[in-house]
Each structure stands twice: as C-alpha cells, then as structure tokens.
K.L.:
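Here you go, one structure.
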Amino acid sequence: MIVNMSEKATEQEINHIIERIREAGYQPHVTRGTERTIVAAVGSGRRHEIEALQVAPGVDNVVPIAQPFKLVSRQVRPERSIVRINGVEIGGPEVVVIAGPCSVESREQLLDTAHAVKRAGAAMLRGGAYKPRTSPYDFQGLGLEALKILSEARDVTGLPVVTEVMSTEDIDIICEHADMLQVGARNMQNFALLRRLATVNKPILLKRGPSATVKEWLLAAEYLLSGGNSQVVLCERGIKTFETEMRNTIDLAAIALARDLSHLPVIADPSHGTGKQSLIAAVSRAAVAVDADGLIIEVHPCPERALSDGPQSLDFAGFGRVMRALAEPLRRTASVPPTVPAASQNSP
Ligand code: PEP
Ligand code: MN
C-alpha cells in the first residue's frame, strides 16, 4: 500500500504515518519528492489498518501498489534514480558508455583496451574475471589475477570498473577490486546471490535473464532493494526467441517499459543482445532512441584472437566509430539510402 501525503503534510504527520505502518506489521519506506512525500507500506501486515490511514492528518490518499514489485516501482518513487559509481552517474542526463573486453585475458590486453575506450569517450571499463561459460572446456577467466589487472586499469585511467560476480564466495574479493558488480543473465534469479548482494555497499548491474519477463527482472531487482541495496542499474542484454541469425534478440521495448514501470536506470548491451559486431552501432543508437541510460559494449584489441565473445567484440577503430555515431543527431545516416527516390517525391 502507498500513503500519499499531502503537499502541506508536516514532519510530525509523516512520522505518525511511519509509526502506524510499523504498528500494522509493514516496513515503511519513505520517498521525499520535490513536491510531496510518499510512504510505502511494504511486506505483509494488517491491510485494513493502512487503508484506515486515509483519514489521518496530512494524508491525501491511500492506494494499493499495482505491481508485485514495490520498491523498484515508480509508484513508490516517481522520480528517476541516479546510481553513482565513483564519480560516474547512471540515470542522469548523460548516456553512460561502459566498454571493455568480455574477459580480462592479460595485463597488456586490458590496459591497452582501457586507454583506447577512454580516448573514445567511454566513462567506465568492463572486463570479466569470473566467466559464466556454457561449456566447462571454454576459458573460465583469470579470477583474482584479472581483478588485480582491473584495479590497476582503474588506477591508471580513472575509469570505474564493473565485473561479474557468479558466486557468493567471490563477493568480498570482488568488492575489494571493482566499483560495480555485475549479476550476469544466467544468475538473474540466483536468489542466494541477490540476497547477499543486497547487503554490499557497491552498485549492482543486474542483467535480464535470457528467458525472464520484465516483471521477473524487476522482481529480481526488488530482492536487492528490499535487502538494503538501492544502487541498482538494470541491463537489457537480449532474450531467447526463435531467431537464429542473432545470438539473442535485444528487446528494445523492454528498455522503455522497464523505465516506465521502475525508477531504476536501464542500460542496453548490444554486444550480447545481437552477437554481431556489424549491428552494434545501429542497435546502440536505437537503444538511446528508446531512452536507455547507457550502453555496455564489448571491445577487444584483436577480436579474432579473443578468448570469449570475439564475434561480437569491436576493435578500437570500430568502437571509435560507434562513439562518433552516438554523438550524431538521430536521423538516417548517409549510408542508408532513402526508401523513396528523391525525383518521385514531388510527382503527383
Ligand atoms: C558478459 O557480460 O560477458 C556476459 C557473460 O553477459 P551475460 O550475462 O549478459 O551473458
Ligand atoms: Mn561476453
């Protein structure tokens, strides 16, 4: 339930509502907006006691929360959230580009990439240390060695670092080296992992599961917020469909929908979302057009030699082109021929 306080509600009236919500067996969550305060009653308690607060002083109205997710909902917090990662703000006016290799493979590979993506305008660095691989015979990541390389890259470039956490055992060591922790698509509903990450003091990048609905994705985020971590960025990275030409099908409308339903920032991953180098520029621009708060893009010094995800990784020049394309106003690019020949446009 949500208790919407009136614009003129006093601090004492707000505190009274908070107290009554606790007495009714719910947890109160207060959102102080620019105009009014909203107090959400979350959990399970005696509903009729909350409904009765309609007549309490300073209350405008009491309404049910329409969705199963509560704290991530825009009903509870109508204003957009900004997640801050060591000086970088995701969810503000800037489109934040996170770039780097799928996996950290060596010190040289990561440092070269970090310098290159920074020069091209990326605001954050990505790189996998612990890799979720479909086959146990594939490269599994350098683990701690990779974390140390990521730390060094952050120190020399100033770019905050995001890396994936696959297991609760690795959380502490990853927190020592990374600025943001990624929950990979395969772990979106790893509830033990989510519960532990709810207690860490680091922002979380929560990828959408390959077969998760938007509601399930937002409920996964609810685990983090309800456990105490509200620094959450959602990431659409493509879902499984009948399409076989692309690795996944990036669900661009889900970016707009998630931003409609939730105050959390939402970014797009065109690399995993398509699996194809050639589509990254177009899909990045499309994601920005549907109001994505940022992008996460795989970049490798030599994609043909990459130990993971080479076919979807851009080289440095390719990444530079994507960044320049993003800076252009949204319109058809010169390389796309007009659908109607110019001469026939004026004909009757
Ligand atoms: C990755 O970011 O390299 C990755 C494995 O992502 P996802 O969990 O989206 O597959
Ligand atoms: Mn990858």
Side-chain angles (χ1 to χ4, degrees), residues 96-105 109-110 113 117 122 124-136 138-143 146-147 149-150 161-167 170 174 178-190 193-194 197 203-212 214 216-217 220-221 232-241 246-252 254-255 258 266-277 279-280 283-284 287 292 294-315 318-319:
V96 171
V97 179
I98 306 171
C102 177
S103 305
V104 178
E105 299 168 7
Q109 171 243 17
L110 190 76
T113 310
V117 299
M124 282 182 66
L125 179 66
R126 62 151 289 148
Y130 301 88
K131 294 304 302 176
R133 302 308 302 278
T134 302
S135 163
D138 287 341
F139 177 62
Q140 303 286 310
L142 297 179
L147 293 178
I149 297 171
L150 284 164
V161 158
V162 57
T163 195
E164 177 162 352
V165 56
M166 291 204 297
S167 152
D170 303 325
I174 296 177
D179 304 288
M180 183 181 214
L181 276 56
Q182 172 175 320
V183 175
R186 295 161 184 82
N187 271 314
M188 188 203 84
Q189 284 188 320
N190 180 339
L193 185 62
L194 295 174
L197 290 173
I204 308 295
L205 182 60
L206 179 64
K207 290 199 155 192
R208 179 181 178 187
S211 0
V214 170
E216 287 163 340
W217 185 23
V232 177
V233 175
L234 301 166
C235 177
E236 162 60 38
R237 49 76 72 199
I239 53 172
K240 295 243 179 273
T241 66
M246 291 178 289
R247 185 177 177 190
N248 292 292
T249 299
I250 191 155
D251 185 1
L252 292 172
I255 297 171
V266 184
I267 69 166
D269 176 346
S271 307
H272 295 87
T274 63
K276 278 187 191 301
Q277 248 179 10
L279 300 181
I280 308 298
V283 173
S284 296
L295 297 161
I296 182 164
I297 298 177
E298 289 187 339
V299 179
H300 192 281
C302 181
E304 70 169 68
R305 291 181 189 272
L307 297 183
S308 60
D309 288 351
Q312 67 194 35
S313 300
L314 296 169
D315 61 14
F319 180 63

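Counting starts at 1 for both ligands and their atoms, in listed order.
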K.L.:
Can you name the nearest heavy-atom pair linking Pro101 to Thr113, along with the distance?
P.N.:
CD-CG2, 3.9 Å
K.L.:
So, for Thr163 and Ala178, which heavy atoms are closest and what is the spacing to 0.1 Å?
P.N.:
CG2-CB, 3.8 Å
K.L.:
List the atom of Phe139, the atom of Ser103, and the distance in Å for their closest heavy-atom pair.
P.N.:
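Looks like CE2-CB, 3.6 Å.
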K.L.:
So which atom in Ala268 and which in Ala287 form the shortest heavy-atom distance, rounded to 0.1 Å?
P.N.:
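Shortest heavy-atom contact: CB-CB, 3.6 Å.
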K.L.:
What's within reach of the Mn ion (ligand 2), meaning protein N/O/S atoms under 2.8 Å?
P.N.:
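Short answer, with waters excluded from the count: Cys102 SG, His272 NE2, Glu298 OE2, Asp309 OD2.
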K.L.:
Testing the basics here: between Ile250 and Asp269, what is the closest heavy-atom pair and its distance to 0.1 Å?
P.N.:
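The answer is CD1-O, 3.6 Å.
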K.L.:
Please, which pairs that meet salt bridge (charged side-chain N to carboxylate O under 4.0 Å, His left out) have at least one residue in residues 301-310, sequence neighbours excluded?
P.N.:
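The answer is Arg247-Asp309.
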K.L.:
Taking all heavy atoms of Ala220 and all of Leu194, pick out the closest pair and write down the distance.
P.N.:
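The answer is O-CD1, 3.8 Å.
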K.L.:
Using the test side-chain hydrogen bond (donor to acceptor under 3.5 Å, both in side chains), find all partners of Glu236 that sit at least two apart in sequence or belong to another chain.
P.N.:
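Glu236: side-chain hydrogen bond (donor to acceptor under 3.5 Å, both in side chains) contacts with Arg208.
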K.L.:
Is any NZ, NE, NH1 or NH2 atom of the basic residue among Glu164 and Arg126 found under 4.0 Å from an Asp or Glu carboxylate oxygen of the other?
P.N.:
no
K.L.:
For ligand 1, list the protein residues that place a heavy atom within a distance below 4.0 Å of one of its atoms, sorted by chain and number.
P.N.:
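Protein residues near ligand 1 are Cys102, Arg126, Lys131, Pro132, Glu164, Gln182, Gly184, Ala185, Arg186, Lys207, Arg237, His272, Glu298.
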